[in-house]
Every structure is written in structure tokens, then in C-alpha cells.
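What follows is one structure encoded as C-alpha cells, with my remarks underneath.
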Amino acid sequence: MSQEFSVIDLENDFFLVRFKTEGDAHYALTQGPWTILDHYLTVQQWNPHFDSSNDNIDNIVARIRLLGMPLHYYHKRVLRMIGNVVGKVIRIDYNTESLTRGKFARIAVEVSLNKPLCSQFFLDGKMQKVEYENLLVICFNCGIYGHKNENCPQLKTIKGATKNSENNGVGNITNSGGNKPWSSTVIPANPSFGPWMIVS
């Protein structure tokens, strides 16, 4: 990278970066994801229809880790197929491909922020958990990045529905044992998502 570029500060914490060479722009787009103080810097190619007044970001490139995979999966084509289960593969860590990292496969994938993140999947009959680097705010109820469990819109809907049903004289929901009712403030956890999703 020649390190010659200019930066224009736009509204809503967006910045326009103009590189002197096409190679530098390509490097910035493909060699990420980039982080600053453990927060992702979302990098995308300029689009003439970009609107900086709309601060919604739908997709980001995130690094994932796949721990404990058998060694025969550490091949570029196989890792690309596995990574595509989580999101669109942008880059495979070459230390991963050459087995020098050892403990885990590391892949940069594009993920949607509007859908639940892929937390786990079956790989040859075994559950493979997915860890996300630098995505620190993941809801373990709905799996969506950007809020914690206590602020989950899905839980608020469930709690509100339970509270309304109690006010309308509808009976309590019982747990699978059938003997104790669940409280309107205690909602069973979603086993599909959990703390393993965040690299510590």
C-alpha cells in the first residue's frame, strides 16, 4: 500500500476515503475486516446512490473462528464451502489454510445484521460452533447483532403478550415438566445462541 489517501468526513460517522491507486483501494476492500478499538470499521466500495443521512448498515465483514475442526478440512476449497454456511466468504486466513494456526480455522465472511447470526451447524454429524471476533453485542435470545438479551424486541413482545394474557384471565404457560408455571418475567433461554459466539 502506498499510504497516500485523502479522507472526507461525512455525516453520521461515515467517511469517504479516496486512494491514489486502484491497488490500494482493492487492498482496503479485501484485506479486512478492519477494527479500531475492538469495533468493526465497515468498508464498502463507493456507490453513487449512497445516502449518508441513512445510518443503517445492513451487512458487515466479520472474522469467524471454527474451533476443533479435523485437520483434513484445512484446505482452501473446503474452508470456503464451510465458511459459506455462515456467510459470503471474503477471505481465508492463510495461516489457517497452511495449518500453522492449529487451534482453529479463521475466515472473514460477510454477514447480515438484519438476520440471526449463524451460531452453529452440523459438520459430518458433529455440531460445529461459530465464534465471532469483535462482535461484542450479540443477543443470545434472537441471535441478532446490535442489542443484548435484556433489550431484545422479541422478548419484549413475548413478555407483553404474557402480561396481556394474564390480565385477560388466560392461564399460565407450563414448562415441559408440566408442574410449575413460568413467570411472565422468566422466559426460557434459546439454546441455539450463547456466549460461545463471542471470542473472549
Side-chain angles (χ1 to χ4, degrees), residues 1-66 76-77 79-98 100-101 104-119 121 130-154 156 193 195-200:
M1 218 169 134
S2 70
Q3 299 182 4
E4 292 183 33
F5 58 88
S6 59
V7 179
I8 300 171
D9 188 357
L10 305 174
E11 63 185 324
N12 288 328
D13 294 326
F14 288 109
F15 297 88
L16 176 63
V17 180
R18 179 172 291 158
F19 293 94
K20 299 289 183 194
T21 69
E22 192 173 320
D24 287 351
H26 181 73
Y27 184 87
L29 287 169
T30 61
Q31 297 303 305
W34 307 101
T35 58
I36 297 175
L37 300 174
D38 289 333
H39 294 282
Y40 276 105
L41 178 64
T42 303
V43 179
Q44 45 191 318
Q45 192 157 4
W46 173 253
N47 177 341
H49 304 293
F50 174 75
D51 180 9
S52 62
S53 65
N54 178 3
D55 63 354
N56 291 333
I57 297 174
D58 296 325
N59 298 310
I60 62 164
V61 175
R63 284 189 186 103
I64 61 166
R65 293 183 186 182
L66 304 171
K76 190 174 186 176
R77 273 194 321 212
L79 288 172
R80 184 166 297 280
M81 288 180 359
I82 291 171
N84 280 328
V85 170
V86 178
K88 178 184 172 192
V89 173
I90 303 300
R91 189 166 68 100
I92 297 169
D93 185 323
Y94 286 105
N95 289 331
T96 292
E97 185 188 352
S98 66
T100 57
R101 185 168 298 281
F104 56 84
R106 189 174 191 220
I107 305 169
V109 295
E110 184 177 354
V111 294
S112 171
L113 298 180
N114 301 321
K115 299 177 188 172
L117 297 169
C118 177
S119 63
F121 57 89
V130 179
E131 293 184 353
Y132 291 85
E133 294 182 11
N134 299 317
L135 289 185
L136 304 176
V137 185
I138 299 175
C139 177
F140 301 140
N141 176 62
C142 67
I144 294 177
Y145 172 77
H147 63 270
K148 295 278 191 180
N149 295 18
E150 55 271 10
N151 298 322
C152 181
Q154 290 182 9
K156 289 179 182 177
F193 308 106
W196 73 83
M197 295 175 66
I198 299 174
V199 173
S200 54

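Quick note: residue numbers are just sequence positions, from 1. Just so we're clear, the structure is a prediction, and the values are computed from it rather than from any experiment. Hydrogens, waters and symmetry mates are skipped; everything else that's a heavy atom, side chains included, is used.
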(Q) Tell me every residue that passes side chain to side chain contact (heavy atoms under 4.5 Å, CB included) with L113, counting only those two or more places apart in sequence or in another chain. (A)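 Listed in chain order: I57, I60, Y145.
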Q: List the atom of I92, the atom of R80, and the distance in Å for their closest heavy-atom pair.
A: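 Smallest heavy-atom distance, with atoms named: CD1-N, 3.8 Å.
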Q: Look at atom CD of E11 and say whether more than 12 heavy atoms of other residues, nucleotides or ligands are closer to it than 6.0 Å.
A: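 Yes, enclosed.
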**Q.** H147, NE2 atom: more than 12 neighbouring heavy atoms under 6.0 Å
**A.**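 Atom NE2 in H147 is packed in, count exceeds 12.
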Q | Side chains of V137 and K148 in contact at under 4.5 Å (non-hydrogen atoms) | A |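 SC-SC contact between V137 and K148 confirmed.
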Q: Indicate yes or no: at least one non-hydrogen side-chain atom of F5 is less than 4.5 angstrom from one of D24.
A: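 Side chain of F5 against side chain of D24, heavy atoms only: no contact under 4.5 Å found.
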Q) Sequence neighbours excluded, which residues qualify as ring-ring contact (aromatic ring centres under 6.0 Å, His included) partners of F121? A)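 If we apply the ring-ring contact (aromatic ring centres under 6.0 Å, His included) test to F121, skipping adjacent residues, there are no hits.
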**Q.** Sole residue of C139, P116, P153 in side chain to side chain contact (heavy atoms under 4.5 Å, CB included) with I144
**A.**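 It is P116, the one option of C139, P116, P153 that forms the side chain to side chain contact (heavy atoms under 4.5 Å, CB included) with I144.
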Q. Between F19 and L29, is a side chain to side chain contact (heavy atoms under 4.5 Å, CB included) present by the stated rule, with each step listed?
A. CA-CA 11 Å; F19 293 94; L29 287 169; over 6 Å; no
Q. So, does W46 use its side chain to make a donor-acceptor pair with the main chain of L16 at under 3.5 Å?
A.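 Pair absent, no side-chain N/O of W46 close to backbone of L16.
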Q) Between the side chain of N134 and the main-chain N/O of A62, is any donor-acceptor distance below 3.5 Å? A)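 No, the answer is negative, given that no donor and acceptor are paired below the 3.5 Å cut-off.
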Q.
We want to know whether N114 and D58 form a side-chain donor-acceptor pair, criterion being a heavy-atom distance below 3.5 angstrom.
A.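 Present: a donor and an acceptor within the cut-off.
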